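This report refers to the structure that appears directly beneath it.
On a predicted model such as this, the values are computed, not experimentally measured, just so you know. Just follow the structure's listing: the first ligand is 1, and inside any ligand the first atom is 1.
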Amino acid sequence: MTRPMLFLSALTAFSPLSFAAKPLARAVDPCALVSGQPFVLPADALACWKSFPFNETLRQNVLINNIARVFDFYTFEDYYLDSPPPFQESTANIRAGLARINTTKYETDYDFNIDLYNFITQLNDGHTRWFPNCYGTYQNLLPAPVVSLEIDGLQGVYIIPDLVALVTLLGPLYTSLITIDWQRLAGARVISIEGQDPYSYIDFIAKTVSGNYLDHGVRVNSVFSSYRLSGAAYSQRFGDLAGPTGVAQTSLTFQVIVANSTTIETVTVPYVANYLGATFTDGPSYWANNCVATADTNGVDLKASAGLTSVTPKRRQPKGNIIDKSNSSAVGLPPQFEPTLPTVGGAEGVMKSYILPGNQTGVMFIGSFEGDFNGFQNDTESAIAAFKAADVTRLIIDLSNNGGGFVCLGQFLHQYLGSTKIGYPGFQSTNRANPLARKIVASDIALGVNAELSFYTADNFAFLNGTQMPADYDYMTPDVPIIVNGQVDLNSQRFHDTCEPTFVVPIPDTPPFPLANIAIVGNANCASTCAMFSTLMNEKEHSKMAVFGGKPLEAVQFKGMAGNQVLEWVDIDSEIKTANLQDDPLAPVDLLVNGDFRHNWRTAWSFLDENEPIAYVSELPQFRFPYTLDTYNNPQNLWLFVEKQLFA
Ligand SMILES: *[C@@H]1O[C@H](CO)[C@@H](O)[C@H](O)[C@H]1NC(C)=O
Ligand SMILES: *[C@@H]1O[C@H](CO)[C@@H](O)[C@H](O)[C@H]1NC(C)=O
Ligand SMILES: *[C@@H]1O[C@H](CO)[C@@H](O)[C@H](O)[C@H]1NC(C)=O
Ligand SMILES: *[C@@H]1O[C@H](CO)[C@@H](O)[C@H](O)[C@H]1NC(C)=O
Ligand SMILES: *[C@@H]1O[C@H](CO)[C@@H](O)[C@H](O)[C@H]1NC(C)=O
Ligand SMILES: *[C@@H]1O[C@H](CO)[C@@H](O)[C@H](O)[C@H]1NC(C)=O
Ligand SMILES: *[C@@H]1O[C@H](CO)[C@@H](O)[C@H](O)[C@H]1NC(C)=O
C-alpha cells in the first residue's frame, strides 16, 4: 500500500463481553482473538497461523503433485547444483530439498508451508517463488528501518533519520501498539543488532530472508530502507530487516548511539504485524477466506473461455517481474523528500521525468515496466521530446527498486535510446524441452492453437534472422542438449523475441542522446525486465552504470534477477489445459490451497558470452557510491549528485 489502510471495523469487532457470554466448551480460537484488527502483536498472528494442523493430503498436493512437477519447467534447476562465483551462495540441490520436505514431520500446516517457502525463497530467484496465501496475510513492521550511510567520510548503519515522518504515516493504530519511545531512535547510529556487528547481521538477513536476487550484494540493499516509485506514487520501503514477510520475529535488540549523544545504549524494538488478508471472524473463516483454492488459483482451458466471448482474444504480453510482498510494507515517501522539480512529458504512469536545473541533464525515474503498455511508450516519447526541446544532452535513468514487467517494454526502451541503428533490441532465449513441454508444443500444433492463447507456440518467437516463426513450427524438435553442472539439460532451439511489432511510437533513426551520455543508476534492486534492460545498455551500448548503497567493500552487481519470462502457476496450468494435457501423468495437478508457485520459464543468454545465461554473468557497475543523509531518501538530491559525479 502507498498509504496506510484503516479498518474501522477494528474499533468494534472485539468485545470481551461477547466471549464471556459463551459457554467455555472449547479452547479460545487464536484466530478469533486477532480477527478484525489491522495491527496485532506478531506472536498473536503466529498463533492463528499455527492453529491449523499439518495435513498429509495437502502436502502431497502442494509439494509432490504440483510444485515438484512445475520444477521440470524451471530453466535454472541444474545451475543450482553448483552456482558459479560470485553467486555461490545460491546453491541448492532442488530435488534433495523437496525430498527432505516430503519426509519431515511437521506439527502444523504453517510449519510445512514456511519450510517450503524458505527453501524456495533461498534459491534467490524472484521468478521462482512459492506464495501460500494462507501465510502471507500478515506482515511484520519494525519502527526502526535501517540504512547504510556515509557520514563525515565513514560508512555505518543508521536507523533512518526520517523515522518519525515515515512511521507516522502508518497511523495511530500502528504506533499505539509500540511500547517504547521509538521516535528518539531517528538517525541513531547502530553499533550492533542481536549482538552482532550490524553489517554482519544485515548479511544474515540478506542470506536468510530477502531472496529474489542471485547476488548477495544486491540482497544486502534489499535489507535497507529505500525510496522507489510504487505504481505512480513515491514510496519508501521499510526494507527486509524492518519489513520482513512473516511474523516469526517479535523484536530486535539493537545497541545504538542516539542522535546528539555519545553513549551506547541497548534497546529492544518490538515488531507489530499488519493484516492484509481477507476478513474473517475465527479459524474456520480464516481458512475458508484465505487458504482454500479460489476460482483464480488454477488455470483454465483458454480455448473454452475464448469461445465464451465474442471478443477476439488478444495476444498476451510476456512478463518478467517480481512479486514484492514487501510492497505492502512500504508507505508513502514523506512528501518533503519528493522531487520539487516539475515533471516533464507523460508522468502519470510508472515513469516520472524531470530536467535538472541548467537544462543539460534529463532524468527518467522508471519504477517498473508494468502498467499501461502503450502509455509507457508514449511517456518515453514525450519525455524525450521535452528533453530535446530543452537542449538536454545527457540522461540519467534511475532504476531504484524497479520490479520489472513487460519483457517488450525493456526492449522498447533499449531500442528507443539506441535507435533503429541497433537492430534487434533483445537477446537470444530458450525454454526447457522437458517431455511435457514437448507434448504441449506438439499438441498446440495439432489443435491449431497460436500465440493468442499460448505462450508456448512458435509464433510468439522469431528465428535468429528475425523472421517470425510460424505457429505450427515445432521449435523443440530436435531438442538441444546442453551440459550444466554435469547434468544433461534439454533445451528448445534458440529464438528471438518478437517485440518490434508491438512498438506503437516511431523509433528514432539516430540515438536521441550519445549513448555514452546515458547513466543508469539505482540500488541494484532491478528485477527481471529491468535487469534485461540494464544488461543490454551495459553489454551493447556501454552506458555508465552506477550502484548506490550496499555494504562497504562488498561487491554489488548492477542488476538483480536476470531470468527472462516468468509464468505464474495459473499460466503454466492454462498452457497444459489449453493443450488438452491436464490428464497427462507428468502434468501438475490443481492446487487445493490458495497459492502460487511461479517459475522462471525462459532463459536469456548473454550477448557477451552466448553460452551463459545473463543471470550467471557477473557484471559489476563502473561506479559505486554510498548513500548519504542527503540522498538515501531524496531522489532529486541523488540525481544532482550523479550529474556532478558522472558528467563533470
Ligand atoms: C504496489 O502497490 C501499489 C498500491 O497498492 C500498486 O499500485 C502497485 O501495482 C504495486 N506494485 C507492485 C510491483 O506490486
Ligand atoms: C486434509 O485436507 C483435505 C483436503 O482439503 C481434506 O479433505 C481433509 O479433510 C483434511 N484432513 C483432515 C484430517 O483435516
Ligand atoms: C513423498 O512421500 C510420499 C508419501 O510418503 C511417497 O509416496 C512419495 O514417493 C514421496 N515422493 C517423493 C518424490 O519423494
Ligand atoms: C540534534 O542536534 C541538532 C543540532 O543542535 C538538532 O537540530 C537536532 O534536532 C537534534 N536531534 C535530536 C534527535 O535531538
Ligand atoms: C498514445 O499517444 C497517442 C498519440 O498521441 C494517443 O492517440 C494514444 O491514445 C496514447 N495511448 C496511450 C495508451 O496513452
Ligand atoms: C531550460 O529550458 C526551458 C524550456 O525549454 C527554458 O524555459 C529555460 O529558460 C531553460 N533554462 C536554461 C537555464 O537554459
Ligand atoms: C530465416 O530463417 C528461417 C529458418 O532457418 C528460414 O526459414 C527463413 O527463410 C529465414 N528468413 C530470411 C528472411 O532469411
For this session: Look at atom 5 (O) of ligand 3 and say which protein heavy atom is nearest, naming residue and atom and giving the distance to 0.1 Å.
Result: Gln60 NE2, 4.6 Å

Exercise. Would Arg59 and Asp109 pass as an ion pair if we require N to O under 4.0 Å?
Worked result: no

Exercise. Which ligand 7 atoms, with their elements, are less than 4.0 angstrom from a heavy-atom of Thr467?
Worked result: 1 (C), 10 (C), 11 (N), 12 (C), 13 (C)

Exercise. Protein heavy atom under 4.0 angstrom of atom 14 (O) of ligand 3, is there one?
Worked result: yes

For this session: Return yes or no for this condition: an N or O of Glu56 is under 3.5 Å from an N or O of ligand 3.
Result: no

For this session: Decide, yes or no, whether a salt bridge links Asp584 with Arg69 under the criterion of side-chain N to carboxylate O below 4.0 Å.
Result: no

Exercise. Can a salt bridge be assigned to the pair Glu643 and Arg394 using a cut-off of 4.0 Å between side-chain N and carboxylate O?
Worked result: yes

For this session: Please name the pair of heavy atoms, one in Leu436 and one in Ala587, separated by the smallest distance, quoted to 0.1 Å.
Result: CD2-CA, 3.7 Å

Problem set entry | Heavy-atom protein contact below 4.0 Å for atom 11 (N) of ligand 3 | yes

Exercise. Looking at atom 7 (O) of ligand 6, is any protein heavy atom nearer than 4.0 Å to it?
Worked result: no

Exercise. Under 6.0 Å between ring centres, would you say that holds for Tyr616 and Tyr79?
Worked result: yes

Exercise. Is Arg59 near ligand 3, meaning one of its heavy atoms is under 4.0 Å from it?
Worked result: no

Problem set entry | Shortest protein heavy-atom distance from atom 1 (C) of ligand 7, along with the residue and atom involved | Asn465 ND2, 1.4 Å

For this session: Starting from atom 4 (C) of ligand 6, find the nearest protein heavy-atom neighbour and note its residue, name and distance.
Result: Ala390 CB, 4.5 Å

Exercise. Any salt bridge between Glu452 and Arg316, counting N to O under 4.0 Å?
Worked result: no

Exercise. Below 4.0 angstrom, N of the basic side chain to O of the carboxylate: do Asp571 and Arg598 qualify?
Worked result: no

Exercise. Is any side-chain N of the basic residue among Arg432 and Asp72 closer than 4.0 Å to the acidic one's carboxylate O?
Worked result: no

Seminar exercise, completed: shortest atom 2 (O) of ligand 6-to-protein heavy-atom contact is with Asn359 ND2, 2.3 Å

Exercise. Please state which protein non-hydrogen atom is closest to atom 9 (O) of ligand 3 and give its distance, to 0.1 Å?
Worked result: Asn102 ND2, 4.7 Å

